[in-house]
Number of protein chains: 2
Amino acid sequence: MSNRITLADVAKLAGVHPGTVSRALSGKTENQVNAATVRRVRRAAKQLGYMPNAMARGLRTRSSMTIGVIVPDLMNPIFPPMVRGIDSYLAPRGFSAFVVNTDGKDAAERTLFESLMERQVDGFIVATGHTDHVLMADALARGVLAVMVNREAHGVSFPSVTGDDARGIHEVVAHLSELGHRRILHLAGPRGFSTSEIRESAFQAACSQTGAAGRVVPTSSYSIDAGQSALDVVLDQGVDGFTAVVAANDLLALGAYHSLRMHGLDCPGDISVVGFNDMPFAGDFLPPMTTVRSPHFEMGVEAARLLLEQIASGQSSAVSVKLPVALVVRGSSGPARRRAIS
Amino acid sequence: MSNRITLADVAKLAGVHPGTVSRALSGKTENQVNAATVRRVRRAAKQLGYMPNAMARGLRTRSSMTIGVIVPDLMNPIFPPMVRGIDSYLAPRGFSAFVVNTDGKDAAERTLFESLMERQVDGFIVATGHTDHVLMADALARGVLAVMVNREAHGVSFPSVTGDDARGIHEVVAHLSELGHRRILHLAGPRGFSTSEIRESAFQAACSQTGAAGRVVPTSSYSIDAGQSALDVVLDQGVDGFTAVVAANDLLALGAYHSLRMHGLDCPGDISVVGFNDMPFAGDFLPPMTTVRSPHFEMGVEAARLLLEQIASGQSSAVSVKLPVALVVRGSSGPARRRAIS
DNA sequence: GTGAAAGCGCTAACAT
DNA sequence: ATGTTAGCGCTTTCAC
């Protein structure tokens, strides 16, 4: 694009050496130069409309002040708040977030990772990935600075920040139990994700703790369609007397809504449904969704904080932060009712 | 971060000059070099795990292969699809999108714009802004390449891509008219935005065309709260016999839902509500929302296409693309019914 | 307190 | 077909 004005131009106008202009404009080095000179340089810079060239600076300083943020898909409503959280922490500190979407594809993720490396990002915030996260494993080996958010990978010692999912699921099961539900179905997330695993085992634990009969049905992805077809299969079998569905996330719960509706079942009249995440607009659904609020914005903030801490210190810390979650009771959960299935 | 391997390292291993490595690896210049050499260089590069340094390359070539994307707020659900659309066009062409959020604040927008300029973006896609868009006006003066999406600015000759909003509003009013609505309220968007203006005047035109009585109530922002409080005011007045609300977007319509519910009114039984945009999950609301589908993803694609075209040609074209929209009838619009308001 | 000079890693004339 | 050279715009050590 345009803007051809360089340090040298400013230096010429101010009648000083380019090096001096650099120092005068820097902030960190501003005190190394005569106050009067600083003013003169500033005036010249403003007059010319000087803007530093971030690529030249970055090349010289080996730092881009940019953080690579890798998410599966911005269209999944939990990610925008997370990205905004990240940005809200980075921006005041002079960093920017560069966000890329993998669509859950490992190949794409690898390519995007490389491309962010080429852009010389100063670190990564990674919200994708399986428990067996090959990319992160060798990112670690390469000495890359990163923090994982919402997901964890086994045996990869990056710091991570997640919600206290197990706690959330326990609260859900307790809530359902109080409403009299004794047979509960868990629409589990897809295999190979830490979120799926943690929520599922918390579900099992909570059920045996409250004495409820828990059944787990896995889904193929965290999506409306996957939730719908998984529940369709169960409902079509026509057996089982469960009265409540605990979905591993809100999208799955929405899929459950659809399936129930298709089968002429009322929620929460016939079957209660509880989601997970409290995604935006969850309270506006039909029925308003009972779910667990995950602090996505705060997760982003915390991840950014952890990463900048690493960047400042130059070393990885491998801490793992677990943020509190909260059950939000709305209209999709109600008293258990005996029900006959065709 | 790590990765200290440069062209020179590869050159040494391959036993050739750095310049040759550059050519061998480039694609555009690959044919200028002996095929055997190319292979040797490639092997050396792979063996060392060489990655080009984008800052060094960009500094030299004066191009960052990056597009700055300025949106108000990624948490507004119309933007993620737009961003994905942009990215889907850019990525295969070697470009990346750098997205920033202004939160509707002019000062933030200016700062972010400068920061993207410093990063040497090759062009802008701008989804923010008033009809009186000061920033864009002087961006134009600076010779910056940009396209506006979803919004237009008066007297600023950047290309723009929008939905055919006027057409959409006409279809809404016709739909309502067929359902027997004769008195219709328009919850207009905030003043100073092209979307607000276009939808409002289309509403007026459509009403007089169908002979319906149209009343316009402006809102303070495109948000749920603004929609709710604007309708609250009308409903609290207790006069007026409108039977339908045409909201300038889905968020406003959702606010209308809330207001209606607070006033003990049923939608669509007492009052029909129609939104605009067909944001994600609009069909899952209570009631499922009748709205106009704006092709946000496609708008992103088109904007990216237009911008890359400008970049390739080096000149601005000032075309204005209007993409088709479609009325999506769901459950929030129904037959007009006589109604008594307290 | 400021000037001089080198160099970050790359590409693109220009030579050969 | 490949080597040489210069330089993109900046920061930073080293002089003075």
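Throughout, a chain's letter reflects where its sequence line sits, starting with A, and its residues are numbered from 1. Since this is a predicted model, take the numbers as computed values, not measurements.
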Nearest-Å distance, [atom1] ([X]) to [atom2] ([N])?
X      : N      : atom1 : atom2 : result
B:D9   : C:dG9  : CG    : P     : 9 Å
A:L25  : C:dT2  : CG    : P     : 14 Å
A:R62  : C:dG9  : CZ    : C1'   : 9 Å
A:K12  : D:dG9  : NZ    : C1'   : 14 Å
A:N34  : C:dG3  : CG    : C1'   : 15 Å
A:R39  : C:dG1  : CZ    : C1'   : 15 Å
A:Q120 : C:dC10 : CD    : C1'   : 11 Å
A:E118 : C:dC10 : CD    : C1'   : 13 Å

Given protein heavy atoms under 4.0 Å, the one-letter contact record of nucleotides 10-16 of chain D, with B base, S sugar-phosphate only and - none, is simply BBBB---
Using distance alone, with no hydrogens and no angle criterion, decide if [X] and [Y] have a side-chain donor and acceptor under 3.5 Å apart.
X      : Y      : answer
A:E309 : A:S317 : no
A:E109 : A:T128 : yes
A:T66  : B:R119 : yes

Run the salt bridge (Lys or Arg N to Asp or Glu O under 4.0 Å) check on B:R42 and B:E30 step by step: do they pass?
-> CA-CA 11 Å; B:R42 284 246 181 77; B:E30 181 187 331; 3.3 Å; yes
Got a second to check how far B:R93's CZ is from B:I67's CD1, nearest 0.5 Å?
-> 12.0 Å
Under-4.0 Å salt bridge between A:E298 and A:R84 | no
salt_bridge(A:D138, A:R110) N-O dist < 4.0 Å | yes
Taking the inter-plane angle between the rings of A:F98 and B:F98 on a 0 to 90° scale, is it parallel (under 30°), tilted (30 to 60°) or perpendicular (over 60°)?
-> perpendicular
Side chain proximity check, A:V149 to A:T162, heavy atoms < 4.5 angstrom = no
Return the angle between end axes of the helix from C:dG1-D:dC16 to C:dT16-D:dA1, with five pairs used per end and rounding to 10°.
-> 40°
Which comes earlier along DNA chain D counting from the 5' end, the contact point of B:G15 or that of B:L59, where each point is its nearest nucleotide?
-> B:G15
